[in-house]
Amino acid sequence: MIRQTLTELVRQAILDAQAHGDLPAFEIPPVELAHPPRPEMGDYSASLPLKLASLAKRPPMHIAQTIAKHVPPHDAIGKIETAAPGYVNFTLAPRWLANQVAAILDAGAQFGNVNLGDGKRVQVEFVSANPTGPLTIGSARNMAIGDTLARVLEAAGYDVAREYYVNDAGSQVRHLGASIYARYAQELGRAEAFPEDGYKGEYIGEMARAIIARDGDKYLALEKDAAIRELKRIGVAMVIEQLKTSLARAHVEFDTWFSEQSLRDSGLLDEILKMLAARGVTYVQDGALWFRATEFGLDKDAVLVRSAQVISDPDERPTYLASDLPYLWNKLVVRGFDRAIYIWGADHQGDVPRVLAGAEALGVDPKRIHIIVYQLVRLTRGGEKIRMSKRAGEFDTLDDLLDDVGVDAVRYLLIESSADVAMDFDLQRAVQQSNENPVYYVQYAHARIASILRNAAESAPDLLTGEANLALLTHPAELDLVRQMLKLEEVVELAATKMEPHHLPHYAHDLGAAFHQFYKHCRVLSSDANDAEISRARLQLARATKNVLARALDLMGVSAPESM
RNA sequence: GCCCCCGUAGCUCAAAGGACAGAGCGACGGACUUCUAAUCCGCAGGUUGCGAGUUCGAGUCUCGCCGGGGGCGCCA
């Protein structure tokens, strides 16, 4: 990565200056290169001299000039300048930039990869909505953030596993079983009251009918509780299949569907409770088992297992926390992931300190856990707030959204803003303005290139083969395009280190803009035979751009169309 | 009352403590006999909620206030 190269050159310049007595001895702080605010200032700038002033006991400008003087020569550097009050600015050499086109084409689908992760195993757990019905639009942001982050981490050299945590224990899925049972019995002509806490959506009836078609009325022969348990199990499996189908439409595929119930069945939950007890961080009060969260800096203790007086069914007494702790143990100790990343909605933010405290109590380094809390999406339709309830059967599904807006626009829109902002998502506008969505701007650039390449293959196929003289690429629009392509690596690094997928769409848009400007200013194909060489070079540039656009789009799970 | 997130152009949002705070949409004015006009060019729009502090330097960090969202149960 060019920024890394320059960073190292600056470091060497300082060492060299120190060796020559031009700068006093001091330990060099990390060198950071940024992009200057205006292009005429150069491509990269170091503000290090400003930070060094007190350390080196020299005026910043003097340090800047000294560094500039000592930077070792390098092909990539066209110009080094200093600027008040103490910047060293680097401008990349046009010739070097032009040659990067070949390097980008060589890298192919690998272009943009950076090796931050060094093969470390990272798990991203996301969506993880209760398996009680179709995914709602509320889960869509979770999905988009989680999957994009997983893609970015893969590009950053991590070994990534995507996981969906299936909450198949507890009361929500029991309600699902009871709801199916009621519809099932009703369909078979038996008067069965629908449970008060049941799921009222139409899909429950459909599931009941599907079960009848497959298994007939055999569950009516069972005792009711047993039938509900059985239908719950079948229902969860059916819901998971539907989730897989919906998620596949959204370009998301999980490696693992992890069952919460399995934590209990395997005995891990009991084991963890014993471990916590052995460490003296639990106690029993009023028949409930408590975790001493206050010992880890929290303001309240937390319940792990509720008392029999409050919850009669023993299966439903463990709280979320009681499952979360064995689950994190399973991730980080049993399965040995180096890091566990969670994507949680803001409505679960309160659980974050408890889980981290639990990790500490179990002797698991909380730094291996990274919980991304995203603010909730406010859904509106024509400016009016929409209230959603899965139980009441009043909600918009992810599938509806994919039908109306399309997967590409949905994913792009949902990762466009930082996870920290509560975004408004107006359904009416999302549908209406779908053609003005920035995602099409980027895709259009890709399609335009594909079209140029088709035309070239048709009218002048020889231009697509043979050695191109990249040194002919000297137009500002051509060089800007190369500059923009080279930034992909930086964006991957930024998004992966800060775990902020929202940098990708902004980058993709900038890259699209650089191409559209190039397209305007530089004609690729020409009827004039004298233009053959420049056409050949520009075709290479166009192919490289197509490559990088496709990669940027793929990192977002967005398709790169050949025509639009 | 306590905790988390946010407050930047008319709207939606960017901005690894760095230089004159940037995009898109919207408004206004231009550009298609030329590789896809889902494009390009120009123009307008700002006391970064308010007040202090730290720093050579603050939209960014700290404190206080104001406003919005979320969370604080033996609910899930």
Side-chain angles (χ1 to χ4, degrees), chain A residues 32-38 41 45-48 50-51 53-54 59-60 83-87 89 130 132 167 170-173 175 197 285-290 298-300 302-311 316-317 319-320 345-353 373-376 378 413 416-426 429 433-445 447-456 458-459 490 493-494 497-498 500 502-503 505-506 509-510 512-513 515-517 519-527 535 538-539 542 563-564:
Chain A
E32 276 162 15
L33 291 189
H35 297 284
R38 279 179 306 287
M41 295 171 166
S45 88
S47 59
L48 193 69
L50 291 160
K51 298 183 175 77
S54 59
Y87 296 99
N89 291 338
N130 283 337
T132 52
N167 296 109
S171 63
Q172 290 311 307
V173 283
H175 293 322
D197 293 327
Q285 186 180 309
D286 303 330
L289 181 70
W290 291 74
L298 277 64
D299 52 1
K300 280 177 202 166
V303 173
L304 286 163
V305 183
R306 291 179 284 256
S307 66
Q309 295 95 304
V310 176
I311 306 284
E316 295 181 11
R317 278 184 214 142
T319 59
Y320 269 9
D347 50 344
H348 287 98
Q349 59 182 280
D351 298 330
V352 173
V373 174
Y374 65 92
Q375 300 303 307
L376 299 179
R378 275 194 298 266
L413 280 171
E416 215 183 356
S417 3
S418 141
D420 286 339
V421 318
M423 56 181 300
D424 288 312
F425 196 100
D426 193 290
R429 248 181 56 197
Q433 298 196 340
S434 65
N435 281 355
E436 295 161 18
N437 188 293
V439 72
Y440 298 105
Y441 179 88
V442 182
Q443 290 182 314
Y444 185 55
R448 265 185 154 177
I449 298 173
S451 171
I452 293 173
L453 295 176
R454 277 193 302 271
N455 291 339
E458 179 90 6
S459 63
E490 293 170 31
E493 184 185 15
L494 176 65
T497 359
K498 297 185 79 178
E500 293 176 346
H502 74 271
H503 297 288
H506 294 278
H509 187 273
D510 289 347
F515 174 76
H516 287 307
Q517 277 158 37
Y519 182 91
K520 177 74 180 176
H521 290 110
C522 305
R523 195 171 168 90
V524 177
L525 301 175
S526 163
S527 48
S535 285
R538 283 177 176 168
L539 279 167
S563 66
M564 286 174 74

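Reminder, nothing fancy here: chain letters follow the sequence lines and each chain counts from 1.
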So what does A:V421 hit on the nucleic acid, given a heavy-atom distance under 4.0 Å: a base, only sugar-phosphate, or nothing?
sugar-phosphate
Check the geometry between A:Y87 and B:rG18 and answer yes if their rings are stacked (centres below 5.5 Å, planes below 30°), otherwise no.
no
Strictly by Watson-Crick or wobble contacts shorter than 3.5 Å, is anything paired with B:rG22, and which nucleotide is it?
B:rC13
With a 3.5 angstrom cut-off on both distances, give the Watson-Crick or G-U wobble partner of B:rG59, or none if there isn't one.
none
Side chain to side chain, A:H35 and A:E490, heavy atoms closer than 4.5 Å
yes
Give A:D286 one of three labels, base, sugar-phosphate or nothing, depending on what nucleic acid heavy atoms sit under 4.0 Å from its own.
base
Is A:Y519 close enough to B:rA37 that one of its side-chain N or O atoms is under 4.0 Å from OP1 or OP2 there?
yes
Can you check whether A:V421 reaches A:Q375 side chain to side chain, under 4.5 Å on heavy atoms?
no
Quick one: label A:S418 by what it contacts on the DNA or RNA (base, sugar-phosphate, nothing), any heavy atom closer than 4.0 Å.
sugar-phosphate
By the 4.0 Å heavy-atom rule, please label A:S417 as base, sugar-phosphate, or nothing.
sugar-phosphate
Paired with B:rG7: which nucleotide, if any, by Watson-Crick or G-U wobble criteria at under 3.5 Å for both distances?
B:rC66
Check this one for me: any side-chain N or O of A:Y444 less than 4.0 Å away from OP1 or OP2 of B:rA38?
yes
Within less than 4.0 Å of OP1 or OP2 of B:rC32, is there a side-chain N or O belonging to A:K520?
no
OP1 or OP2 of B:rU36 sitting under 4.0 Å from any side-chain N/O of A:N455?
yes
Under 4.0 angstrom, heavy atoms only, what part of the nucleic acid is A:A447 near: base, sugar-phosphate, or nothing?
base
Does any non-hydrogen side-chain atom of A:N455 lie less than 4.5 Å from one of A:S451?
yes
